[in-house]
Amino acid sequence: MQLGALHDGGGDVAVTGFAIDHRKVAPGTIFGAFKGARFNGEDYIDQAVAAGAVAVVARPGVRVDGAVHIADDSPRRRFALLAARYFAPFPETVVAVTGTNGKTSTVELTRQLWRMAGEAAASIGTLGVTTGEERVATGLTTPDVVTFLANVAGLAREGVTHLAFEASSHGLSQYRTEGLPVRAAGFSNLSRDHLDYHGDMAAYLTAKLRLFSEVVDDGGTAVVWADDEASPRVIDLARARRLRLITVGTQGADLLLMARAPSLLGQKLTVGWDGATFDVMLPLIGAYQAANALVAAGLVIGCGGDPAATIRNLARLQPVRGRLERAAIARNGAPVYVDYAHTPDALSAAAEALRPHADGRLILVFGAGGDRDAGKRPEMGEVAAASADLVIVTDDNPRGEDPAAIRRAVLAGAPGAREIGSRRDAIAAAIGEAEAGDIVLIAGKGHEQGQIVGAGEDMRVLPFDDVSVARECAA
Ligand SMILES: CC(=O)N[C@H]1[C@@H](OP(=O)(O)OP(=O)(O)OC[C@H]2O[C@@H](n3ccc(=O)[nH]c3=O)[C@H](O)[C@@H]2O)O[C@H](CO)[C@@H](O)[C@@H]1O[C@H](C)C(=O)N[C@@H](C)C(=O)N[C@H](CCC(=O)O)C(=O)O
Ligand SMILES: Nc1ncnc2c1ncn2[C@@H]1O[C@H](COP(=O)(O)OP(=O)(O)OP(=O)(O)O)[C@@H](O)[C@H]1O
Ligand SMILES: N[C@H](CCC[C@H](N)C(=O)O)C(=O)O
Ligand SMILES: [Mg+2]
């Protein structure tokens, strides 16, 4: 593609790719120079040009010598829009999900429902890029804009027609997915997380709302879990933009959750749609998984899926990796679950999901991540103390912080909890302690395969998998 096709005055210079990191610039690249949380990409413009950048997208007034300056007050957005034109075509049906908790689950369940309907479907999110055949990790929930758009285009080349992706608040505020047409947007819920980055809940919500106010296509659909305190804000925005609105939940007007009855390995849902009532056995436990499955169904229906078939297909959903995953059974019969709860609200949701299944105690092992929202730590402690009978506070990705200090902050909210820094020892203690009728919940890492310690040059990922460790400890 010629630069002139992307930018007036660009001329017939060949564009060979896009980069936001100067170390990835090759001859013919368009470089995006952005101010970030740790570095200022504008400091690397000269190096990018020396490496062959033919154009630089940067704020007006920034000095660019030796390449075309594509000036814009919102350089990240402009860069994404240009990159999208370069990388297109994309899958024709794309949906995005935002919310504090439930994004990964919802995009994965959406992908499964599409596949059951015979569509070539994929998802992109915390679990990586997932197709029916394979899963490739990207390291972020919403990958950086170049990785994201290149992957989405790659999926289209492989024949994928339906894509569900996670729109994290970081991704939304950094325009990591702009330019990709989004037909339907899903909202799960809003609760405390990531305030280290967003500052306060209002800013965090504003970042998420951009999915509905700007990212989803004109004439697109909003699928909103209606039982959340923040839902009315999303619904108002959807109405203001005249999006098609599908509200879901016990408060939903469209996909109505009329009843939910937990059973041993799942739950019976009674669901209303357009005057008809459906009874379906969802093979996943917990109110939160029912919510995610229904939002997924709403997204599929919102993109033209047959409502009755989609609702019936809920009975064939497979579990999502690391979300209330039954990892092991302790010698005395106590089941051990692994879950990705790493916020106060998620911890409460995971504990509530398991409570009806415990005749005895709920034993909870968890920690809080380092270099992440510190304010959520005591809140997580409080929720844990209120939700479980025995709480063991341990380490979960301390990153650049002192693990003992993180544990102390969590313990401030859960003074009666036990403290065992080594995650392996904590899991062993919980499983060793469990008696028949108890349930062990290991929260925070879900699918993760490592314990992240240190930061910058000293950062290391020590192999660690909650599911395998639980199995070893239960054996
Ligand atoms: C806080 C945050 O979102 N950071 C991400 C973001 O950084 P940033 O834009 O602030 O960039 P920066 O590192 O300050 O650098 C500024 C610019 O200079 C460029 N640069 C920098 C150094 C250099 O030598 N040369 C160079 O060109 C960078 O590529 C960047 O464009 O963009 C970077 C490039 O893509 C990411 O690597 C980085 O992820 C860090 C590692 C991270 O931990 N991110 C987490 C918090 C994150 O994004 N999480 C969300 C939400 C998780 C969830 O709730 O599911 C996610 O979507 O994963
Ligand atoms: N709808 C929901 N309501 C409340 N809690 C939920 C909901 N869905 C998931 N959770 C909790 O959040 C955890 C993470 O779920 P999931 O990975 O689907 O969310 P996410 O939004 O993708 O998280 P992340 O921000 O890390 O990407 C689950 O393991 C569960 O404990
Ligand atoms: N996407 C989340 C994942 C947190 C997972 C948890 N194990 C932790 O490290 O805090 C984040 O980056 O904040
Ligand atoms: Mg996720």
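Just so it is clear, the structure is predicted and the values come from calculations on it, not from any experiment. Order of appearance sets the numbers: ligands from 1, and atoms from 1 within every ligand.
Here the shortest heavy-atom distance to atom 1 (N) of ligand 2, taken over Asn292, Thr141, Thr100, belongs to Asn292. Relative to atom 6 (C) of ligand 2, the option among Asn101, Leu109, Thr98, Asn189 with the closest non-hydrogen atom is Asn101. When the heavy-atom distances from atom 28 (C) of ligand 2 to Leu294, Thr106, Asp339 are ranked, the shortest goes to Asp339. Of all the listed residues (Tyr337, Tyr288, Trp225), Tyr288 holds the heavy atom that lies closest to atom 30 (C) of ligand 2.
The one candidate from Lys103, Arg115, Arg135 that meets the salt bridge (charged side-chain N to carboxylate O under 4.0 Å, His left out) condition with Glu108 is Arg135. Each of Asn189, Thr250, Thr247 was scored for a side chain to side chain donor-acceptor pair (under 3.5 Å) with Asp227, with one residue passing: Thr250. Here the rule is salt bridge (charged side-chain N to carboxylate O under 4.0 Å, His left out) with Asp466, and of Arg423, Arg321, Lys445 only Arg423 fits it.
A heavy-atom separation below 4.0 Å is found between His342 and ligand 2.
Between Thr142 and Ser168, the side chains place a donor N or O and an acceptor N or O closer than 3.5 Å (distance only, hydrogens not considered). Donor-acceptor pairing under 3.5 Å is lacking for the side chains of Ser105 and Gln289. A donor-acceptor contact closer than 3.5 angstrom is absent between the side chains of Thr138 and Asn151. A donor-acceptor contact under 3.5 angstrom links the side chains of Thr104 and Thr126, judged on distance only. Side-chain atoms of Ser169 and His198 include a donor-acceptor pair closer than 3.5 Å. No side-chain donor from either of Asp144 and Gln174 sits under 3.5 Å from a side-chain acceptor of the other. No side-chain N or O of Tyr288 forms a donor-acceptor pair with one of Glu352 less than 3.5 Å apart.
Distance check: Leu172 CG to Glu178 CD gives 8.0 Å after rounding to the nearest 0.5 Å. In this structure, the separation between CG on Leu190 and CH2 on Trp225 is 15.5 Å, given to the nearest 0.5 Å.
Judged purely by atom type and a 3.5 angstrom limit, Arg399 uses its side chain to pair as donor or acceptor with the backbone of Gly370.
Residue Thr104 touches ligand 2 through backbone and side chain together, judged by heavy-atom distances below 4.0 Å. Of the heavy atoms in Ser188, none comes closer than 4.0 Å to ligand 2.
The distance criterion of under 3.5 Å between nitrogen or oxygen atoms is not met by Asp345 with respect to ligand 2. For ligand 2, the polar-atom distance check against His194 finds no nitrogen or oxygen pair separated by under 3.5 Å.
With respect to Arg63 and Asp46, a salt bridge is recorded, a charged nitrogen being found less than 4.0 Å from a carboxylate O. Here Arg355 pairs with Asp389 in a salt bridge; the nearest charged N to carboxylate O distance falls below 4.0 Å. Between Glu401 and Arg372 there is no salt bridge, since no side-chain nitrogen of the basic residue lies less than 4.0 Å from a carboxylate oxygen of the acidic one. A salt bridge does not link Glu382 with Lys376: none of the charged nitrogens is closer than 4.0 Å to a carboxylate oxygen.
Residue, atom and distance of the protein heavy atom nearest to atom 11 (C) of ligand 2 are Ala346 CB, 3.4 Å. The closest protein non-hydrogen atom to atom 4 (C) of ligand 2 is Ala349 CB, 3.6 Å. Nearest non-hydrogen protein atom to atom 17 (O) of ligand 2 is Arg323 NH2, 2.7 Å. Summary of contacts: the protein heavy atom closest to atom 15 (O) of ligand 2 is Gly102 N, 3.8 Å. Of the protein's non-hydrogen atoms, the one nearest atom 24 (P) of ligand 2 is Lys103 NZ, 3.7 Å.
If you number the atoms of ligand 2 from 1 as listed, the ones under 4.0 Å from a heavy atom of Ser105 come out as 16 (P), 18 (O). Annotation for ligand 2: atoms under 4.0 Å from non-hydrogen atoms of Thr126 are 27 (O).
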Contacts table for ligand 1: protein N or O within a distance under 3.5 Å of ligand N or O, distances only.
residue  : atom   : partner : partner atom : Å
ligand 1 : 3 (O)  : Gln174  : NE2          : 2.9
ligand 1 : 3 (O)  : Arg176  : NH2          : 3.0
ligand 1 : 9 (O)  : Arg76   : NH1          : 3.4
ligand 1 : 9 (O)  : Arg76   : NH2          : 3.0
ligand 1 : 10 (O) : Ala37   : N            : 2.6
ligand 1 : 14 (O) : Ala37   : N            : 3.1
ligand 1 : 14 (O) : Arg38   : N            : 2.6
ligand 1 : 14 (O) : Phe39   : N            : 2.8
ligand 1 : 24 (O) : Arg23   : NH2          : 3.3
ligand 1 : 25 (N) : His22   : ND1          : 2.9
ligand 1 : 27 (O) : His22   : N            : 2.9
ligand 1 : 29 (O) : Ile20   : O            : 2.9
ligand 1 : 31 (O) : Ile20   : O            : 3.0
ligand 1 : 48 (O) : Arg176  : NH1          : 3.4
ligand 1 : 48 (O) : Arg176  : NH2          : 2.9
ligand 1 : 54 (O) : His194  : NE2          : 2.7
ligand 1 : 55 (O) : Thr141  : OG1          : 2.6
ligand 1 : 57 (O) : Thr142  : N            : 3.0
ligand 1 : 57 (O) : Ser168  : OG           : 2.7
ligand 1 : 57 (O) : Arg176  : NH1          : 3.1
ligand 1 : 58 (O) : Thr141  : N            : 2.7

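When heavy-atom distances to ligand 3 are checked against 4.0 Å, the residues falling inside are His194, Tyr340, His342, Gly369, Arg372, Asp396, Asn397, Arg399, Gly444, Glu448, ordered by chain and number.
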